[in-house]
Structures are given as structure tokens and as C-alpha cells.
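Along the sequence shown, residues carry numbers from 1.
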Amino acid sequence: MDSRSSSDGLSSTPDSLSPTFSSYSAVHRALELIQSDDQDSKLQGAQEIRRLTKTSQRCRRQLSDSVGPLVSMLRLRDSPESHESALLALLNLAVKDETNKIKILEAGALEPIITFLRSQSSTLQEYATAALLTLSASAVNKPVIGASGAIPLLVEILRHGSPQAKVDSVMALSNLSTHPSNLSIILEATPIPSIVTLLKPCKKSSKTAERCCALIESLVGFDEGRTALTSEEGGVLAVIEVLENGSLQSREHAVSALLTMCQSDRCRYREAILKDGVIPGLLELTVQGTPKSQTKAHTLLRLLRESPYPRSELEADTLENIVCNIISQIDSDDQSSKAKKILADMVQVSMEQSLRHLQQRALVCTSTDLPISTCTSEVSLK
């Protein structure tokens, strides 16, 4: 099967060469074959369209008229080879092409694709899931797919599908979750146990981990989602591991999810977050995260300290004071010592940065006080 991309489903290599007669001829022949009444010719046409559109954006545009005949192939009875070939051709036609994504759904592809999600054939089920991943990248398609009944089936594949189908399913659900009307449907299908199961063993810097955390971030905005995550053994820990070892974007999703939980009910979720060793990761994030991650990490650290009330004006509400307050409550020696070491390193780095800043200011002041002629002569020597 063709390689995946971040949200569409497949990679796309832009054309760099001008159209040639041979490529035009190949496109023309593929259209003739797919529009033929002969089933063998249609099958050959679908295979040619898949090949031509695998890396060519130009061919996707030129072969847009093949969508209708390809969708009709999905409706053929007892023809798995035709179903698979048509699905893969449609998949490639939709990659990086918003017009084709919409056109495929308008041509009626969704009904047979949903049928294939229930197929006993793992291959057909996998191709159908990949097709939904690609089609769900379109903002226009998201509410249509959400209302079609596809979401519970995607969650079922997330539970019991092949390894590739599970990855594509969570990515499709992540795409669909960005449309508000789909969130309640996703929640009703109770996907969080399966998301956590997928997240635990996967590489925390992977695209899969990023999509799992993005989906969790959306779902913990609801009480059912928060309850499900904390009820699932290792659920909060899996998010914390992404916060520590994920990509910049994954860490942002992870800290956002934890912050949402703590802000929703600090008393209920504070201990659940603290006991899994979140402090070292949060400290690193205050220095190494994206600007948004840094702000959220600071806010979450404040929420995790013992007192929910502001400190007295005599004791500064600095990051160091906040963290020291939290460290004093941590039972785990390993977590406490690691947090102390990171905090000490941060203080050292802060002192070094302050010293460099003072030295730079001193140099600026010194050069400013020099006579104009001296400054000019130094500039001319550079």
C-alpha cells in the first residue's frame, strides 16, 4: 500500500516536469478504460489510475472525471479485487486535492466504504479506513462523515483492527474531532481505552502519538473523557510520557490535556496527575517547549501546588517557589531528586544567562561612552 502522510493518508510529490504527450496519452487511456462497460477493462483502468496518481498532482486533476466510475465499482457485488483497486485509486485521487475529496463523497462513496469497514477481509477493511483518513482531512467532509455512522466503526477498528488500520483509525478520528458536532459521537463510542492501548507501546515522538494526544486533548474537555482517561490503567502516565519524550507538537497536546483536566476539577485530578511523575517533564517544558507549551506548563505547575489560594505578598510566586512547594509533597525519591536536579540546572542556566546579559550591557555602555572618532575607527577596521 502507498505511504502515509500527516493528515491526508498518502505522501505526495509535486510534479516538476511539464506535461508530455506520453503522460497525456496514459491519462486518456486510463479514462477510456474506467468508462468502459467491460469489467476487466474497468479493473485495468482503476489500476492505471492508481499508478498515475500515486505521486502526480497533475494526474489527480486530469483524472477527476474517473471518480464516478470508480465509485460505481465499489458497489459491485462479490468483486473484492474491483473493490480494492477502486478504493486505492480513489485514495490516491483524493490526496492533497480538496476538490476530489469532496467529489468522491458527493458521488456516493461513503456508503460502500462504511460497508467495507465491516468486512471480514482485513485488507479491504484496512483500505476503507485509509480512505476515510484521507477524506476526513477535508473540512467540508467532516460533518458528513460524522453523521454517516462511520465513527463507531472506526472506534471498533481501533479496538480490533490490524496494526495499520488502528493507526489510520486514530488519525481519522483525530481529523473528525476538529468538527464540534463529531466530538459527542466519538465520546459515545468510548474510544479512550483503545487510544491508550495504542499510545502506550508506540514511540512517543511518532505521528501516531501526536494524533493520540490530540484526540485525548479534545476528549478530556468533557467529563466523560476525563473520567475515562483516569479510569484507564496507565492512561494519565501515557500522556505524561508523551509530555516528556514527544515531538514539540505532541508535548503541546499532552500538557494541554493535563491542564484542561486540572482546570476542570483541581481537587479531583491533581493527585492523579502528580502521582505519575509529571513534574520533571513540566519543568523541562517550561524551558524547551513551544511558547504555548511553556505558558501552559507554568500554569499547570501553579495548579499542582498544595494550596489552591494565592501566596502572601511576602513570598514571591516564582517558578522556583512553586516547584519547591510541590517537591516537598512528592513521596517518590526518584521523582523528587530528578525534579530538584532539573530545577537546579534551570537556576544555573538562568544565572548564566543573566550574567551574559549584564556583560553585554556593560559592553554596549562602554562603546557608547567612547569618542565618536574612536568608534568610527574601530568600525572601519572590521
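Here the shortest heavy-atom pairing between S177 and S218 reads OG-OG, 3.9 Å. The two residues L154 and A172 come nearest to each other via the heavy atoms CD1-CB, 4.1 Å. In terms of heavy atoms, E48 sits closest to A30 at CB-CB, 4.1 Å. The two atoms that bring K275 and A272 nearest to each other are CG-O, 3.6 Å, heavy atoms only. Nearest heavy atom pair, residue L63 against residue L93, reads O-CD2, 3.8 Å. Nearest approach of R61 to T99, heavy atoms of both residues: NH2-CB, 3.5 Å.
Counting heavy-atom neighbours within 6.0 Å of Q249 CD, excluding the residue itself, gives a total above 12. Shown here is H160, whose NE2 atom has more than 12 heavy atoms of other residues, nucleotides or ligands within 6.0 Å.
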CA sep, side-chain torsions, deciding dist, call: E111, L74, side-chain contact (heavy atoms from CB on, under 4.5 Å):
CA-CA 9 Å; E111 184 182 350; L74 299 180; over 6 Å; no
Test salt bridge (Lys or Arg N to Asp or Glu O under 4.0 Å) on K207 and E210; report intermediate values, then the result.
CA-CA 5 Å; K207 182 61 69 174; E210 181 183 318; 3.5 Å; yes
side-chain contact (heavy atoms from CB on, under 4.5 Å) between S72 and L70, intermediate numbers included:
CA-CA 5 Å; S72 70; L70 285 168; over 6 Å; no
Applying side-chain contact (heavy atoms from CB on, under 4.5 Å), run through S148 and I114 and close with a yes or a no.
CA-CA 8 Å; S148 70; I114 289 173; 3.3 Å; yes
Any chance you could lay out the side-chain hydrogen bond (donor to acceptor under 3.5 Å, both in side chains) test for E98 and S138, step after step, and finish with the verdict?
CA-CA 6 Å; E98 179 75 5; S138 163; 2.8 Å; yes
Run the side-chain contact (heavy atoms from CB on, under 4.5 Å) test on N92 and L52 for me, step by step, so that the C-alpha distance in whole Å, both residues' side-chain angles and the decisive distance to 0.1 Å come before the verdict.
CA-CA 9 Å; N92 284 2; L52 291 168; over 6 Å; no
Checking R211 against D168 for the salt bridge (Lys or Arg N to Asp or Glu O under 4.0 Å) test, could you report, in this order, the C-alpha distance in whole Å, the side-chain angles of both residues, the deciding distance, and whether it holds?
CA-CA 10 Å; R211 290 310 190 88; D168 287 349; over 6 Å; no
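Inter-residue side-chain proximity for N175 and L135 is flagged as unmet; no heavy-atom pair is nearer than 4.5 Å. Residues I145 and L105 form a side-chain contact, since some pair of their non-hydrogen atoms from C-beta on lies under 4.5 Å apart. Annotation: side chain of T227 is in contact with side chain of R268 (closest heavy-atom distance under 4.5 Å). At least one side-chain heavy atom of L76 sits under 4.5 Å from a side-chain heavy atom of Q39. Between I113 and H83, the closest side-chain pair of non-hydrogen atoms is not below 4.5 Å. Contact check for L31 versus S66: side-chain heavy atoms found under the 4.5 Å cut-off. Side-chain contact between L248 and S293 is absent, with no heavy atoms from C-beta onward closer than 4.5 Å. Counting heavy atoms from C-beta outward, S264 and V220 have side chains that stay 4.5 Å or more apart.
K42 and S36 share no donor-acceptor pair across their side chains, judged by distance under 3.5 Å alone. When only modelled atom types and interatomic distance are considered, E126 and S162 share a side-chain donor-acceptor pair under 3.5 Å. A donor and an acceptor atom, one from each side chain of K142 and T178, are located under 3.5 Å apart. Under 3.5 Å, the side chains of S247 and S250 contain a donor-acceptor pair of N or O atoms. Side-chain contact, S85 with R50: no donor N or O sits under 3.5 Å from an acceptor N or O. Between the side chains of Q57 and R60, at least one donor N or O lies within less than 3.5 Å of an accepting N or O. For the residue pair S64 / K103, a side-chain donor-acceptor distance below 3.5 Å is found, with atom types taken as modelled.
Side chain of S79 to main chain of E81: no donor-acceptor pair is present (N/O by atom type, distance under 3.5 Å, no hydrogens or angles). Under the 3.5 Å distance criterion, the side-chain polar atoms of S174 are left unmatched by any main-chain donor or acceptor of M171. A donor-acceptor pair under 3.5 Å is formed between the side chain of T295 and the backbone N or O of P291. Panel note: side chain S136, backbone L133; a donor-acceptor pair is recorded below 3.5 Å. Looking at N245, its side chain never comes within 3.5 Å of a backbone N or O of K204 through a donor-acceptor pair. Between the side chain of R226 and the backbone N or O of M261, no donor-acceptor pair lies under 3.5 Å. Judged purely by atom type and a 3.5 angstrom limit, Q125 uses its side chain to pair as donor or acceptor with the backbone of L117. Although no hydrogens or angles enter the test, the distance criterion places a donor-acceptor pair under 3.5 Å between the side chain of Q294 and the main chain of G289. With K101 contributing its side chain and A94 its backbone, the two residues share a donor-acceptor pair below 3.5 Å.
Summarising the geometry, atom CD1 belonging to I192 is positioned 7.5 Å from atom CG belonging to L215; distances are rounded to the nearest 0.5 Å. L33 contributes atom CG, which lies 5.5 Å from atom OG of S41 (distance to the nearest 0.5 angstrom). How far CG of L158 is from CD1 of I151: 12.5 Å, rounded to the nearest 0.5 Å. Atom OG of S169 and atom CG of L198 lie 9.0 Å apart (nearest 0.5 Å). Separation of atoms CG (L88) and CD1 (I49) is listed at 12.0 Å; rounding is to 0.5 Å. In this structure, the separation between OG1 on T134 and CG on L90 is 10.5 Å, given to the nearest 0.5 Å.
Salt-bridge check for E32 with R29: failed, with every basic side-chain N at 4.0 Å or more from each acidic carboxylate O. A salt bridge links R159 with E156: the closest approach of a Lys/Arg side-chain nitrogen to an acidic carboxylate oxygen falls below 4.0 angstrom.
Residues in residues 251-263 take part in these salt bridge (Lys or Arg N to Asp or Glu O under 4.0 Å) pairs, two or more places apart or across chains: R251-E284, E252-K292.
The side-chain contact (heavy atoms from CB on, under 4.5 Å) test with C212 is passed by exactly one of V242, L199, L173: L199. Among L303, L243, L304, the one residue that satisfies the side-chain contact (heavy atoms from CB on, under 4.5 Å) test with L258 is L243.
No path of Ile, Leu, Val, Met, Phe, Trp and Tyr side chains, each step under 4.5 Å between heavy atoms, connects L237 with L274, placing them in separate hydrophobic clusters. Connection of I216 to I185 is established within a shared hydrophobic cluster, with ILVMFWY side chains joined at heavy-atom distances below 4.5 Å, either directly or through further cluster members.
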